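Worksheet for the structure shown next.
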Amino acid sequence: MEELQASLQPRGLTLSTFPDKGRSLLAARDFYPGEVIISQEPYVCVPNNSLTESRCDGCFSKSNLKKCSACHVVWYCGSSCQKLEWKLHRLECQLLAKLDKERRKSVTPTIRMMVKLYLRRKLQNENVIPVTAMDNYNLVEALVSHMSDIDEKQLLLYAQMANLVNLILQLPNIDIKEIAENFSKFACNAHTICDSELRSLGTGLYPVISIINHSCLPNAVLVFEGRLAVVRAVQHIPKDSEVSISYVETAASTITRQKTLKEQYLFTCTCVRCNKLGQYDDIQESAILEGYRCRDNGCSGFLLRESDEKGFVCQQCGLIRNKEEIRKIASDIKALSDKALKCTSSGNLQEAIVLYKNIEKLQKEVCHPFSIILMRTWEKLLEILMQLEEWKEALAICRLTIPVYERVYPGFHPLLGLQYYSCGKLEWLEKYLALVIDFILWFTSFFHLLLGETDDAIKSFTKAVDILRITHGTSTPFMKELLMKLEEARAEASFKLSSREDS
């Protein structure tokens with residue numbers, strides 16, 4: 001690790017080891033919001049290819065794809081991506097081509113990533129691919145696997161997957177136990193590669209990025225520029241402080257976050273948020289996020305279970321809510337949710353909208369206005385409405401989510417910035433719809449209408465830029481497009497204002 005330590009030093013970083021956390025990444029200087037802390041290309045990565053959707057192995061694009069004629073597994077969008085991957089895929093292609101058709105169907109993205117891991121190690125050992133302090137197999141070996149914490153069923157699955165990888169590779173002196181352990185390392189250390197709007201594209205292993213520990217109140221954020229993993233500060237990180245990112249969804253109660261971290265990453269978080277577990281503020285927050293609301297619509301209180309467990313009592317006004325009433329509504333919501341999921345998966349989107357609106361109505365009866373359960377229903381409605389191009393209704397739903405996002409994603413959180421961006425795009429689109437619908441309206445009223453809608457779009461775009469310039473930087477195509485939309489909206493607002501004044 002001395003070479004890695006030397007490589008990190010010019011970047012203002014240093015490695016340290018703590019008894020309760022293991023290896024950690026510390027700031028050797030001050031970092032400020034928006035500043036890139038570290039970036040890394042993947043040691044190995046794969047797109048999320050499936051039977052219904054494929055992506056380019058080089059850039060993860062879905063456009064102009066052509067399947068590799070030899071292995072019939074890998075896709076490329078053009079010769080540049082094919083050349084970029086050729087040194088590695090040349091070996092992989094030979095192995096995959098030997099498999100029969102049925103065996104080839106068993107080669108999932110995770111299996112492929114493991115095959116690529118060993119082929120990359122082979123090429124680096126043979127000096128075909130260069131080795132650097134931040135790009136070598138030793139960094140993979142140093143990752144934590146948590147093998148001793150894995151149950152027997154999972155160990156058996158890893159063993160079966162390791163046998164398949166061994167069968168594909170057919171390399172001498174390969175250790176099946178090591179392959180199984182590396183699958184466990186993937187589970188704990190691999191990252192989901194997302195586009196600028198945080199939509200999943202694939203999976204990658206970034207051994208140096210994986211050193212960064214988790215916090216439910218992180219001071220940095222991990223985003224991707226293509227396949228490049230970029231960690232940016234979202235708050236001031238003083239010298240000698242630990243750099244942290246979040247491994248899980250932070251919009252959840254402490255108990256839910258702890259459960260997710262334990263199941264997926266096999267550790268218990270001790271960050272400043274988690275250390276409040278059981279305290280009044282934490283109980284209140286959990287009840288608001290995932291619990292129930294007062295029966296009195298005029299009361300904003302949250303409910304806690306009575307000591308005799310016969311009902312729930314409002315912590316603000318003392319009103320008791322019957323447990324059976326809540327259970328009945330929860331049961332109805334579950335039944336409707338199952339139907340809505342089936343409708344969505346079968347493409348019956350109009351029926352899904354009706355069902356989700358009924359779910360929303362029931363959830364409003366039992367959930368706090370800031371409930372993330374209600375927020376998830378709005379997100380599903382928003383997604384479907386946008387698919388159906390029901391822009392006006394989609395905008396109304398998107399605006400409902402903003403206050404909840406502001407509460408559960410405080411500060412410079414990319415999801416909050418992206419929700420502002422979605423709202424701005426819908427407001428901008430609504431402006432153009434108004435142009436068509438109201439073209440025959442009286443001239444002055446027309447400009448007044450458009451100016452109001454443009455102002456809404458400007459506000460949303462500005463809030464999006466304020467957050468996303470910190471989390472995403474300003475040089476990516478996504479951010480350039482956002483900045484351009486903001487400038488267009490400002491220019492149009494200025495023009496409409498001057499037109500009104502002249503008239």
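Being a predicted model, the structure only gives us computed values, none of them experimental.
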Evaluate Thr401 against Trp378 for side chain to side chain donor-acceptor pair (under 3.5 Å), listing each step before the verdict.
CA-CA 7 Å; Thr401 68; Trp378 286 332; over 6 Å; no
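- Ion pairing between Lys116 and Glu92 fails under the 4.0 Å rule for side-chain N and carboxylate O.
- Note that the OG atom of Ser253 and the CD1 atom of Ile288 stand 12.0 Å from one another [nearest 0.5 Å].
- When side chains are defined from C-beta on, Glu379 does not count as touching Cys398, because their heavy atoms never get closer than 4.5 Å.
- With respect to Glu249 and Arg376, a salt bridge is recorded, a charged nitrogen being found less than 4.0 Å from a carboxylate O.
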Please list every donor-acceptor pair under 3.5 Å in which a side-chain atom of residues 207-221 meets a protein atom from a residue at least two apart or in another chain.
from	atom 1	to	atom 2	distance (Å)
Ser210	OG	Asn189	O	3.0
Ser210	OG	Tyr206	O	3.0
Asn213	ND2	Arg23	O	3.3
Asn213	ND2	Ser24	OG	2.8
Asn213	ND2	Glu242	OE2	2.8
His214	ND1	Tyr247	N	2.9
His214	NE2	Cys216	N	3.4
Ser215	OG	Leu217	N	3.0
Ser215	OG	Leu217	O	3.2
Asn219	OD1	Ser244	N	2.9
Asn219	OD1	Ser244	OG	3.4
Asn219	ND2	Glu242	O	2.9

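- Considering only heavy atoms from C-beta on, Arg407 stays 4.5 Å or farther from Val404 through its side chain.
- Side-chain contact annotation: Ser200 with Asn48, donor-acceptor N/O pair under 3.5 Å present.
- Ionic pairing of Glu181 and Lys177 is not present here: no N-O contact between side-chain nitrogen and carboxylate oxygen is shorter than 4.0 angstrom.
- The pair Asp455-Lys459 does not count as a salt bridge, with every side-chain nitrogen at least 4.0 angstrom from each carboxylate oxygen.
- The closest side-chain heavy-atom distance from Tyr76 to Glu85 is below 4.5 Å.
- In this structure, Phe183 and Phe186 have perpendicular ring planes: the angle between them is above 60°, well past the 30° mark.
- Using a 4.0 Å cut-off between charged side-chain N and carboxylate O, Glu178 and Lys185 make no salt bridge.
- Between Arg273 and Arg257 there is a side-chain heavy-atom pair separated by less than 4.5 Å.
- Nearest heavy-atom pair, Thr203 versus Ala190, reported as atom, atom and distance to 0.1 Å: CG2-CB, 3.8 Å.
- Just one residue in the list Arg112, Gln82, His89 forms a side-chain hydrogen bond (donor to acceptor under 3.5 Å, both in side chains) with Asp57, and that residue is Arg112.
- Both cation-pi conditions hold for Arg120 and Tyr43: the charged atom is under 6.0 angstrom from the six-membered ring centre and inside a 45 degree cone around its axis.
- Residues satisfying the ring-ring contact (aromatic ring centres under 6.0 Å, His included) criterion with Tyr405, sequence neighbours excluded, are Tyr409.
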Going by atom type alone, with no hydrogens or angles, which donor-acceptor pairs under 3.5 Å involve a side-chain atom of residues 469-477 and a protein atom two or more places apart or on another chain?
from	atom 1	to	atom 2	distance (Å)
His472	NE2	Ser196	O	2.8
Thr476	OG1	Met479	N	3.3

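- A donor and an acceptor atom, one from each side chain of Glu406 and Tyr420, are located under 3.5 Å apart.
- Nearest approach of Gly278 to Ile283, heavy atoms of both residues: O-CD1, 3.3 Å.
- Under the 3.5 Å distance criterion, the side-chain polar atoms of Ser346 are matched with a main-chain donor or acceptor of Cys343.
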